[in-house]
Amino acid sequence: MNSFSRRTHFLLTLSAFAATPAVAQQTRDSTSLGDLIVTATRAPAPTTAVPASATVIRGEELRARGITLVADALRNVPGMMLVQTGSYGAVTALFLRGGEGDYVKVLLDGVTLNQPGGGINLANLTTDNLDRIEIVRGPASVLYGADAMSGVVQLFTRAGAGSLHGAVTATAGTFGNRDGEVQLGGRHGALGFTASGSSFRSDGLYDFNSGYRNRVGSLRLGLEGGRAGSAAFTLRLGDAVGHYPTDGNGLPVDHNQFTADQSTALGLDLQRQLAAAVRGTVQLTAARLHSDAINRPDSPADSMGFGFDADRTGVTWRRGLDTRADWTVQPRTLLSLGAGLEHENEEQESHTVSNFGSGRFVQDDAFAADRTTRNLYAQLLANPLATLTVQLGARLDDNSAFGTFSTWRAAASWQALGATRLYAAAGTAFKAPTFSELFAASAFEVGSRALRPERSRNLELGLEQRWLRERVIITVAVFSQRFRDLIQYVSANPGDPTYTNLGGTRARGVELGATVRPSQGLTLRAHWDWLQTAVTDTGVASSVLFEQGKRLLRRPASSGGLTALFQLGTATVGAGIGYVGARDDADFRDFPAARTTLPSYTLVDLSLDAPLRHPRAGWPGVDLTLRGENLFNSRWSQVVGFPGRGRTLIGGARVHF
């Protein structure tokens, strides 16, 4: 029996443990579920029973607070650190619980938005047409495969409900920001739909070559057929162009370089009751990203240095098929068995002209590669006692490029004293190599087919305490993660691989959270995080970026935030305070590069959403929307040399019917 067959047998054997306790009635993953959460288990479960650290951000709250970028929505989530290198549209990475920026899987209604290898730029991702955002902290490869090393962020599109309704929103403000959005939605019988289109433009933070434009279209169709089945179709299109004047050190020196991204996400979710106790799900997904980076000479005199004239184009596709059977074995036991197939392919072309003083040097590189992953997974959700939820899962991935890889997760949640909940979880996860790390074949970069995935192991303990009929909720989570087999770039002889598995890191932390509702209409949420990170093994790549025993860059030892949402009649007032503590970074502005400390910063936001006219007698309603970001104009930086946004004031109106 080969390795894949042996591990397949192990997964099937897991079903033998399904002998006791349904956890939640089966509903499509992208349905609005109130107090249920889907992402942590891929089956709707009460948030009070999920054995994981999870946060849900409602779309209504985001719209009331005037938040249009997903990155801004995530800034006040426990365990998260957002880092952006420049103005609007600049590369924005998410570090969750000390992991790397490619360790979080981002999904839209089940469609993977990450590039092969886990990388994702959150700068262009907007909150258009979102019902909610679910965040699960901790490894989730058992359910989602590669790249869910330190967590999952899933965006859910709004499902159509009620009679036909719509809204037109227009805002403008600081930095030449102009934002417009049109929304429609409704339901007729079994068919519901939502659609939206938006356009955001900004002059950016710099005096020249800093313009940004982002257009997004979103569509969701849902058909509910009861026991006969249901279907949901999701489409999201993005078209973003970002100009930036900065070099790698943050100095504004270039007058015409820019990037352009066109993205497509498609999802089809089909469900049907196969038997009295078995529901089947088939999900088809496809995501495409066409990315260009263009840098022409600024003038005839601009003819020195590396890449003074350069083009780079890349096209990636991720197509997937996931099938799952959810079997309610007994009234409080749900066994899920799934199998999937994913095909990834990438094409890259680049043209670079350089001159280091001895004449022009032209380098043209291109490669096209693909890989296919087959997977099997099983999950058991059981309530052997009314107060106890158990989650057991295992998964096997077989990739055509790097072979087989198995992951597991075991977790339990115990409602100890009615208002007290304890949970514990342990598991593993992995991150696939990028296409460049596997297949690159240029003068300075050669891939290695011998690479193994990066991997992690996690242990987590949590406590949730509720008081005063859930008007006060306190949460505590303690976690420890280890990351191994990190893929690093190394020097090599011409033609030899420049990537190898070396090194390791660890991240440990405590997350405190509180939700308080002192009066009707007022909700306060606060969190505070302590994080300890360290490089445990540099391999052969010790440098200012990756130094033995030192902290990982751009991860603060402490951070926190407070948000308040106050319903004043039909108006909503929102406020937010976010604090990020000091953290290490690398400064390349002088030679040799050196580690430095970025100072702490505090940002204060304020928003108002108030009706000017209520809809009546066939006339639409009109709402006033105001938002202020960084109200005290704090000077702050997420990366050495790249300042954050200063005081930003935005105002506008929404017409709705």
Side-chain angles (χ1 to χ4, degrees), residues 57-76 82 84 87-88 125-130 132-133 158 165-183 196-205 212-214 216 519-526 561-579 601-616 619-634 636 644-657:
I57 306 173
R58 297 292 171 186
E60 293 88 347
E61 179 178 336
L62 296 176
R63 284 181 283 278
R65 295 177 58 196
I67 296 176
T68 60
L69 297 174
V70 169
D72 290 337
L74 298 177
R75 291 189 188 279
N76 264 331
L82 277 296
Q84 186 169 30
S87 184
Y88 292 99
L125 200 53
T126 67
T127 61
D128 293 63
N129 205 22
L130 291 187
R132 68 191 189 280
I133 303 173
R158 285 187 291 181
H165 57 275
V168 178
T169 306
T171 61
T174 315
F175 305 118
N177 291 359
R178 294 92 70 197
D179 195 1
E181 183 180 6
V182 178
Q183 301 173 340
S196 73
S198 69
S199 176
F200 173 76
R201 290 180 178 270
S202 176
D203 296 336
L205 309 187
Y212 175 66
R213 184 262 293 159
N214 187 11
V216 177
S519 63
Q520 187 174 6
L522 176 60
T523 301
L524 303 174
R525 295 187 182 92
L562 170 68
T563 62
L565 205 64
F566 182 42
Q567 199 73 33
L568 185 62
T570 55
T572 302
V573 178
I577 301 174
Y579 169 81
Y601 62 86
T602 301
L603 303 179
V604 178
D605 303 332
L606 188 64
S607 64
L608 171 66
D609 189 283
L612 298 179
R613 173 190 173 93
H614 295 286
R616 64 179 182 272
W619 289 89
V622 180
D623 295 344
L624 171 69
T625 64
L626 298 173
R627 179 170 173 80
E629 301 174 355
N630 190 8
L631 285 178
F632 296 102
N633 203 28
S634 298
W636 60 295
R645 297 197 297 265
R647 182 188 294 115
T648 306
L649 303 177
I650 301 167
R654 177 172 55 252
V655 179
H656 56 94
F657 66 91

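Since we're looking at a predicted model, the values are computed, not measured.
- In this structure, the side chains of L130 and I57 stay at 4.5 Å or more apart for every pair of heavy atoms.
- Side-chain contact between T68 and T171 is absent, with no heavy atoms from C-beta onward closer than 4.5 Å.
- Shown here are the ring-ring contact (aromatic ring centres under 6.0 Å, His included) partners of F657, two or more places apart in sequence or in another chain: there are none.
- Separation of atoms CZ (R158) and CG (N129) is listed at 5.0 Å; rounding is to 0.5 Å.
- Nearest heavy atom pair, residue A71 against residue L82, reads O-CG, 3.7 Å.
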Hey, mind stepping through L125 and L69 against side-chain contact (heavy atoms from CB on, under 4.5 Å) and telling me if it holds? CA-CA 6 Å; L125 200 53; L69 297 174; over 6 Å; no
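- A distance of 10.0 Å separates CG of L626 from CD1 of I650, quoted to the nearest 0.5 Å.
- Every ring-ring contact (aromatic ring centres under 6.0 Å, His included) that Y601 has, sequence neighbours left out, goes to W636.
- The distance from the CD atom of E629 to the OG1 atom of T174 is 9.0 Å, given to the nearest 0.5 Å.
- Evaluation of the salt bridge (charged side-chain N to carboxylate O under 4.0 Å, His left out) test over residues 168-183, restricted to residues two or more places apart or in two chains, returns R178-D203.
- N633 CG to L603 CG: the interatomic distance, rounded to the nearest 0.5 Å, is 10.5 Å.
- Contact annotation: the side chain of D605 approaches that of R627 to within less than 4.5 Å [non-hydrogen atoms, C-beta and beyond].
- Using a 4.5 Å heavy-atom cutoff, the side chains of L631 and L649 are in contact.
- At least one donor-acceptor pair under 3.5 Å links the side chain of T127 to the backbone N or O of I67.
- Considering every non-hydrogen atom in both A73 and L62, the closest pair reads CB-CD2, 3.6 Å.
- Atoms CG and NE2, on D623 and H656 in that order, are 3.5 Å from each other to the nearest 0.5 Å.
- Within the 4.5 Å cutoff, no side-chain heavy atoms of V604 are placed close to those of N630.
- Pairing each heavy atom of A653 with each of T625, the nearest pair is N-OG1, 3.9 Å.
- Contacts of R213 classified as salt bridge (Lys or Arg N to Asp or Glu O under 4.0 Å), with partners at least two apart in sequence or in another chain: D239.
- The salt bridge (charged side-chain N to carboxylate O under 4.0 Å, His left out) contacts involving residues 64-76 comprise E61-R65, D72-R75, D72-R645, where partners must be two or more places apart or lie in separate chains.
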Show me the side-chain donor-acceptor pairs of residues 562-570 shorter than 3.5 Å, one per line, residues at least two apart or across chains.
| from | atom 1 | to | atom 2 | distance (Å) |
| --- | --- | --- | --- | --- |
| Q567 | OE1 | T572 | OG1 | 3.1 |
| Q567 | NE2 | T572 | OG1 | 3.1 |

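- Side-chain atoms of S202 and N177 form a donor-acceptor pair, as typed in the model, at a separation below 3.5 Å.
- Between R525 and T523, the closest side-chain pair of non-hydrogen atoms falls below 4.5 Å.
- Across A64 and S607, no two heavy atoms sit closer than the pair O-OG, 4.0 Å.
- Rounded to the nearest 0.5 angstrom, Y88 OH and F200 CZ are separated by 5.0 Å.
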